[in-house]
Each structure stands twice: as structure tokens, then as C-alpha cells.
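This report concerns only the one structure given below.
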Number of protein chains: 2
Amino acid sequence: MSEQQTEQEFLASYNIHDYDIPLTSVDMAIFTLHDEQVHVLLVKRAQHPALGQWALPGGFIDISSDKTLEQTAQRKLKEKTGVDTPYLEQVATTGNHHRDPRGWSVTVSYFALIAHNEFQLQKDASSDQVVWVPVDDVSSTYTLAFDHQEILQQCYERLRNKVQYTSLPVNLLPQEFTLTELQKTFEIILGKSVEKKSFRRRLLDADILEETGSTRKGSNRPAKLYRVKPEGESHFFPRNIEGPR
Amino acid sequence: MSEQQTEQEFLASYNIHDYDIPLTSVDMAIFTLHDEQVHVLLVKRAQHPALGQWALPGGFIDISSDKTLEQTAQRKLKEKTGVDTPYLEQVATTGNHHRDPRGWSVTVSYFALIAHNEFQLQKDASSDQVVWVPVDDVSSTYTLAFDHQEILQQCYERLRNKVQYTSLPVNLLPQEFTLTELQKTFEIILGKSVEKKSFRRRLLDADILEETGSTRKGSNRPAKLYRVKPEGESHFFPRNIEGPR
DNA sequence: TGACATAGTGTCTTATTGACACTATCTTAG
DNA sequence: CTAAGATAGTGTCAATAAGACACTATGTCA
């Protein structure tokens with residue numbers, strides 16, 4: 001290195017291919033609700049490495065088309081599900097020398113929440129098969145590629161933790177829903193029942209929902225429909241939800 | 001690409017230098033407490049790009065010596081402060097095409113909490129100057145390189161948020177401390193005072209501290225000294241701490 | 001028109017926090 | 001030796017919010 005190089009000179013002579021740097025990718029756990037269970041999307045890899053194995057959707061940053069990391073994640077999600085405005089949250093970044101046979105590798109994991117009625121599965125070039133699997137069944141039924149089992153675990157744990165003190169589950173429902181449906185959603189993720197009155201107080205007092213004016217009719221008293229107010233999709237409650245004592 | 005390549009063949013022919021991939025680095029906000037203020041460590045860059053500008057300590061993953069991403073962060077911290085077992089938490093990963101003049105770049109940010117008495121500043125090759133700055137003064141006093149201002153902001157916000165529902169601040173104190181000192185620490189980060197009895201109940205009921213048996217003497221009633229129990233350094237309280245009404 | 005099913009509420013009990021005055025125990029000055 | 005000053009630490013009650021659960025409300029359907 002010369003002694004008095006300007007930044008311009010430095011950048012002119014800089015060539016990223018001269019360095020040994022890690023691979024960087026994005027992986028996603030896309031969650032939805034179906035049959036009273038949280039499901040996650042898995043893809044069968046159509047490319048080396050780990051060809052033919054099940055994995056979380058993901059891939060490399062396309063530095064020519066992606067402007068930001070989040071765009072990479074959005075793109076992957078859109079490719080697989082057609083959904084383009086989900087709840088998307090970055091979970092963690094895992095990097096080490098052994099997780100990918102190609103060498104030192106870093107992956108940024110995200111989870112997405114989408115409503116079960118609002119997507120259509122897409123089949124794209126990079127995967128020949130796509131399935132929704134109940135999260136609780138993944139480890140017993142599938143052997144995921146790389147460290148995707150752990151990444152999925154992290155994402156699911158983040159979700160389950162945040163159910164205790166945020167309004168995240170609203171993102172798993174269609175735009176309009178009843179309080180009972182929302183309560184059921186919380187209960188599924190929490191894995192335990194919650195008391196009706198407390199639940200309603202909690203949600204209504206938080207002022208994150210608004211009535212749509214219409215109702216959901218069944219063979220009983222019609223339930224008011226609600227939608228989420230603009231900033232309600234990620235409200236933080238001042239205390240954790242608790243199950244029955 | 002051949003049609004029926006084995007994974008072995010694929011890996012043999014794989015050369016990372018054939019691809020356009022982003023740069024990946026680690027940046028850290030190292031926090032400590034001093035003069036009743038949270039301080040963060042800044043370094044003056046001794047290398048291009050942004051030579052001579054102040055920045056958060058950080059750098060590239062050394063794929064030959066670092067085994068994991070966290071090790072990269074640990075190594076950076078050790079180089080600057082000599083501390084090697086701090087509280088370390090990954091905050092976020094930022095990646096886009098414009099944050100670094102060398103091209104598409106991804107950085108994983110961490111924050112570390114260290115006790116003010118437990119480190120010695122080191123000067124190493126990659127930086128000629130190092131300073132501790134009160135976090136609240138950074139934006140008015142320094143112009144940080146790259147997007148480090150935003151990264152610092154994220155880290156500090158994470159810390160301030162977590163003070164409300166975790167025991168994190170214990171990591172800013174020496175191994176032994178009094179409850180009053182701990183309360184003061186919470187108050188500094190929260191930016192408001194908390195009620196003594198409530199605070200003590202909260203901490204003691206959580207069962208994360210143990211008495212050391214000795215006391216801190218002053219010109220008044222001696223205060224019991226406590227240390228943190230093994231898993232107390234990151235306890236989650238079931239509800240947020242609240243200020244006075 | 002009455003049974004049923006689910007939506008939604010009234011209200012009491014219980015748990016936890018906030019407020020704040022009080023007691024405890026040290027040092028230091030005289 | 002004692003009283004003043006200072007900070008540590010506690011007792012206790014009021015205020016707040018959640019849990020429990022019975023109750024009412026409003027629709028469908030036979």
C-alpha cells in the first residue's frame with residue numbers, strides 16, 4: 001500500500017475479487033396459518049449444493065437488481081408465494097466456516113407472516129417442489145439442508161416470543177377478521193388458551209383495531225369485523241399475555 | 001452447467017471469485033457507563049475508505065482465523081478494549097448498494113456492554129485514535145463514516161428498549177454492585193427516575209442476584225453488595241418497568 | 001317460537017405496582 | 001459519647017390492571 005494514496009486512487013485500484021470473503025445469502029421462514037396450525041414453506045432444492053434436499057427458501061443477493069437486503073428477501077418471498085406486502089422481520093444473521101460446503105458463509109434470516117388466503121404458490125426455476133408443513137412436524141418429517149433446521153427454530157421462537165407482548169398475529173389473518181378469530185390465532189401460536197374478556201380488553205384498549213362496520217354471519221350472533229389500524233401490525237403491549245393460572 | 005453433475009463435481013468447479021457478491025463486515029457499538037452517561041467507543045479510521053473519519057469499530061471477517069461471525073465481533077472488541085467476555089448481542093444486518101463506496105455491502109451490527117473499570121484501551125494498527133463519547137453527544141459532535149450514525153442509533157435504541165423489560169444493565173457494572181448503583185444505571189439508560197421500592201422488588205423477586213456477603217462502605221449505612229447469578233445477565237421481566245405516574 | 005350456539009359484557013376477586021413514610025446503620029463533628 | 005447527617009432498606013396502603021366466570025345479546029334453524 002502506498003503511503004499517500006487518495007480515496008479515489010484507493011477505490012480505483014480496489015478489486016473485490018482479490019480478497020477471500022464469505023458468501024452472503026438470505027433465508028426465510030414464511031409462516032402462515034392453516035387447519036389451526038402454523039405452517040412454514042419449504043422448497044426442494046433444484047441446484048447444487050444439497051440438490052434434492054428440502055430447505056427454507058432463500059438465495060444469494062443479486063447485486064445488480066437488489067438495492068437492499070430487504071429487497072432480496074421480498075424478492076424471494078414474491079418468487080415463491082406471489083405475496084408482496086407481508087409482515088417481514090429480520091431475525092438473525094448466522095455466519096461460520098462450516099455451514100455451507102462452498103466455504104465461509106453468512107446468511108441473514110427473515111421471517112414473513114402471510115394470510116393463508118392471500119397467496120398463490122408459484123413454481124420457479126430454482127425449485128421444483130414447494131410444500132407447506134406444520135412447523136411442529138418439520139423436525140420429525142423432514143431433514144433440512146445446511147443449518148436450516150436451526151434457522152427455522154430461531155425464527156419460530158422469535159415468533160412465539162413476540163406473541164406474548166406484541167400484536168404480530170394480526171398479520172396471519174386476512175384484512176378483516178373477528179376478535180374470536182384473532183384470539184384463536186394467538187392461542188395457536190402460544191399453545192395455550194387465553195381468557196376471552198382479558199384478551200378483548202387487551203386488544204381493544206390498545207387502540208390498534210378499528211371496526212369495519214360489517215359483521216361475519218354464522219348460525220349464531222354475528223361477530224363484528226375488525227381491521228388493523230396503520231401502525232397496529234406491530235404494537236408492543238406493556239406486559240406479557242398470560243395463560244390461565 | 002452440465003445436466004447431471006454430482007455435488008462433488010459442482011464443488012470442485014466452484015470458485016467464489018467468479019461471482020459478484022457483496023462485501024460483508026461487522027460493526028460494533030461498544031457501550032459503557034461513565035460520569036452518569038452511556039458512552040460509546042469510536043475509532044478514527046486509519047485506512048481507506050473514509051480515512052481519517054470517526055467510525056464504529058469493525059471490519060471484515062477474516063475467513064482464515066474467525067470460525068464464526070460472533071468470533072469476528074469478539075476479536076474486534078478485544079483488539080480495541082482488551083475485554084473478552086462482555087455481553088454481546090447481535091442487533092441487525094444492514095445491506096445495500098450505496099453504504100460503502102467499494103460497492104454492495106452488508107454489515108452485521110452488534111452491541112457490547114462492558115463495565116467501565118474492566119477494560120484498557122488498546123491502540124492497534126487499523127486505527128490511530130480511539131475515544132469514548134457520550135452517546136447523546138455523538139450526532140452533534142461527530143460525523144460518522146458510512147451509515148454508522150444509523151447503526152449506532154439502532155444499537156442504542158435496542159439497548160434502551162431492552163432496559164424496559166430485561167436485566168441487561170447489570171452488564172454495565174462491575175461484578176459486584178449495590179442495588180442503588182444498579183438502579184442508577186437503569187435510570188440513566190431509561191432517562192427517568194424509578195421508584196426505589198418497586199425497583200428493588202422487581203430485581204429481588206426475579207431471583208437473578210445473589211448477595212456476595214460483603215458491603216460497600218461509605219459515610220453512611222453500608223450497602224449490601226450483589227453479584228449476578230449465572231443466567232441473570234439477560235433476564236426477561238414479564239412486564240415493562242414504568243416511571244413515576 | 002324456542003333451542004342452540006357463539007358474541008360480547010358486568011363485575012368481583014386477586015395480583016402487582018406506585019407512593020411514601022418509616023426504620024436501620026453507618027460516619028463524622030463536637 | 002452523642003447527636004446530626006446521609007444513605008440503605010422496609011412496611012403498608014391505595015391504585016391499577018388482569019383473571020375468573022356468570023351473565024346477557026343476537027343471530028340461525030328446526
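This one's a predicted model, so the numbers in the text were calculated from it and none came from an experiment. Throughout, protein chains are lettered first and strands after them, A, B, ... in sequence-line order, and every chain is numbered starting at 1.
Side-chain rings of A:Phe177 and A:Tyr226 stay apart, their centers remaining 6.0 Å or farther from each other.
Using a 30° and 60° split on the angle between ring planes, A:His148 and A:Phe146 fall in the tilted class, from 30° to 60°. In this pair, A:Phe199 and A:Phe186 present their aromatic rings perpendicular. The plane angle is above 60°, beyond the 30 to 60° band. Taking the six-membered ring where the residue is Trp, A:Tyr165 and A:Phe236 present tilted rings, their angle falling between 30° and 60°.
For B:Ser214 and B:Thr212, the side-chain atoms include at least one donor-acceptor pair closer than 3.5 Å. Side-chain N/O atoms of A:Thr93 and B:Thr93 include a donor and acceptor closer than 3.5 Å.
Residue A:Phe199 contributes atom CZ, which lies 13 Å from atom P of D:dA18 at whole-angstrom precision. Going from atom CZ of B:Phe177 over to atom C1' of D:dA8 covers 16 Å, rounded to whole Å. Per the geometry, CG belonging to A:Asn240 stands 14 Å off C1' belonging to D:dA17, to the nearest Å. Between the CD1 atom of B:Ile241 and the P atom of C:dA19 there is a distance of 12 Å, rounded to whole Å. Across the protein-nucleic acid pair, A:Arg221 atom CZ and C:dA7 atom P stand 10 Å apart, rounded to whole Å. One atom, NZ of A:Lys196, and another, P of D:dA18, lie 18 Å apart when rounded to the nearest Å.
Closest to the side chain of A:Glu195, out of D:dG9, C:dT9, D:dA20, is D:dA20. Counting only heavy atoms from C-beta on, A:Asn220 has its side chain closest to D:dG27 among C:dG18, D:dG27, D:dT10. Counting only heavy atoms from C-beta on, B:Ser198 has its side chain closest to C:dT17 among C:dT6, C:dT17, D:dG9. Out of C:dT17, C:dT9, C:dC26, the shortest distance to the side chain of B:Pro222 is found at C:dC26.
Listed by residue number, there are no residues of residues 179-189 of chain A with a heavy-atom contact under 4.0 Å to DNA chain D. Within a heavy-atom distance below 4.0 Å of DNA chain D, the residues of residues 200-218 of chain A found are A:Arg201, A:Gly218.
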A:Glu210 and A:Lys229: CA distance, side-chain angles, deciding distance, salt bridge (charged side-chain N to carboxylate O under 4.0 Å, His left out) verdict: CA-CA 6 Å; A:Glu210 59 187 8; A:Lys229 286 190 182 177; 5.3 Å; no
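The phosphate of C:dC26 (OP1 or OP2) has no side-chain N or O of B:Ser219 nearer than 4.0 angstrom.
Formation of a donor-acceptor pair under 3.5 Å by the B:Glu211 side chain with backbone atoms of B:Gly213 is not found in this model.
If you take CD on A:Gln71 and CG on A:Asp66, they are separated by 6.0 Å, rounding to the nearest 0.5 Å.
You'll find a donor-acceptor pair under 3.5 Å spanning the side chain of B:Lys197 and the base of D:dG11, going by distance alone. Residue-to-nucleotide contacts include no donor-acceptor pair under 3.5 Å from the side chain of A:Lys224 to the base of C:dG8.
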